[in-house]
Amino acid sequence: MNLDYENVVDKILCSEEDIKSRIKIVARKIEEYYKDSERKLLLLGILKGSVVFMADLMKELHLPIEVDFMRLSSYGKGAVSTGNIVIKAGLERKDLSEYNILIVEDILDTGNTLYWLVDYLKQEHMCENIKICTLLDKPDRREKPISVDFGCFTIPDEFVIGYGLDYNELYRDLPYVGVLKREIYEK
Ligand code: 5GP
Ligand code: MG
């Protein structure tokens with residue numbers, strides 16, 4: 001095994017400490033927004049990228065929450081999502097009308113995936129109040145009219161890995177978010 005695999009990181013954008021403190025701030029905003037709601041709160045994590053963020057965020061939230069997950073994939077050419085979304089693992093329950101839904105995702109990039117998902121949840125699961133919480137937001141790349149409601153970091157248009165985000169399924173375990181060296185994906 002190549003144990004020196006962290007040398008693919010060009011620079012660290014969000015350190016472990018930065019992430020910890022931003023999650024605390026965002027958790028307080030989420031609590032403030034939902035605390036007086038009559039509806040139950042469902043945190044809906046999008047696999048696999050959200051898994052590290054979800055775990056840290058849910059521990060920080062002082063609210064009664066339920067958790068569920070979906071796995072989505074977008075097909076089309078290249079690494080950029082196209083809006084042609086396939087559900088790889090869906091929700092067991094059909095009627096979610098008694099819930100507020102907070103989608104928890106690693107990054108909002110073009111917006112194609114979550115734009116599709118919000119519409120799907122409204123149509124197929126009777127969801128009315130849907131909000132979006134992401135670790136990262138890359139607004140420069142947006143193709144759909146969608147924005148983050150509770151976000152930790154806005155980042156420039158660079159390919160990042162770590163803290164749940166992968167490159168060819170590796171590096172999700174890094175405890176920070178770093179920019180992948182260009183020579184790795186351009187070679
Ligand atoms: P979308 O373009 O639909 O907003 O984002 C779809 C997915 O692309 C994200 O959930 C994430 O998995 C992936 N993605 C977008 N930007 C990056 C990035 O910089 N690094 C990694 N590892 N994945 C990304
Ligand atoms: Mg993702």
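All ligand and atom numbering here is 1-based and tracks the order in the structure. Everything quoted here is computed from the prediction, not taken from an experiment.
Residue V160 has at least one N or O atom closer than 3.5 Å to an N or O atom of ligand 1. Polar contact check, T113 against ligand 1: a nitrogen or oxygen pair lies under 3.5 Å apart. Residue G111 places at least one N or O, backbone or side chain, under 3.5 Å from an N or O of ligand 1.
Of all the heavy atoms of E105, the ones lying under 4.0 Å from any atom of ligand 1 belong exclusively to the side chain. Residue-level proximity to ligand 1 for I161 is absent, since no heavy atom of it falls below 4.0 angstrom.
Salt-bridge annotation for R141 and D109: present, with a side-chain N of the basic residue lying under 4.0 Å from a carboxylate O of the acidic one. At a threshold of 4.0 Å, the pair K11-E158 counts as salt-bridged, since one of the basic side-chain nitrogens sits closer than that to a carboxylate oxygen. In summary, R28 and E31 engage in a salt bridge, as defined by a charged side-chain N under 4.0 Å from a carboxylate O.
Between the choices L117, L13, L136, D109, the shortest heavy-atom distance to atom 5 (O) of ligand 1 belongs to D109. With I107, I146, L72 as candidates, the residue nearest to atom 14 (N) of ligand 1 on a non-hydrogen basis is I107.
Placement of V67 and L135 within a single hydrophobic cluster is found when ILVMFWY residues are connected by side-chain heavy-atom separations under 4.5 Å, directly or transitively.
Y167 and F159 have perpendicular rings, their planes meeting at more than 60° on a 0 to 90° scale where under 30° would count as parallel.
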* To do: Could you check V160 against L136 for side chain to side chain contact (heavy atoms under 4.5 Å, CB included), going step by step and ending with a plain yes or no?
  => CA-CA 10 Å; V160 293; L136 306 169; 3.8 Å; yes

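Within the 4.0 Å heavy-atom cutoff, K138 counts among the residues contacting ligand 1. Assignment of F159 to the shell around ligand 1 is supported, since a heavy atom sits closer than 4.0 Å. Under the 4.0 angstrom criterion for non-hydrogen atoms, R142 is not in contact with ligand 1.
Those atoms of ligand 1 that come under 4.0 Å of a heavy atom in E158, given as number and element, are 19 (O). Listed by atom number, the atoms of ligand 1 under 4.0 Å from D166 heavy atoms are 21 (C), 22 (N).
You'll find the side chain of L42 stays beyond 4.5 Å of the side chain of I65, heavy atoms only.
The closest donor-acceptor contact from the side chain of H125 to the backbone of R93 lies under 3.5 Å.
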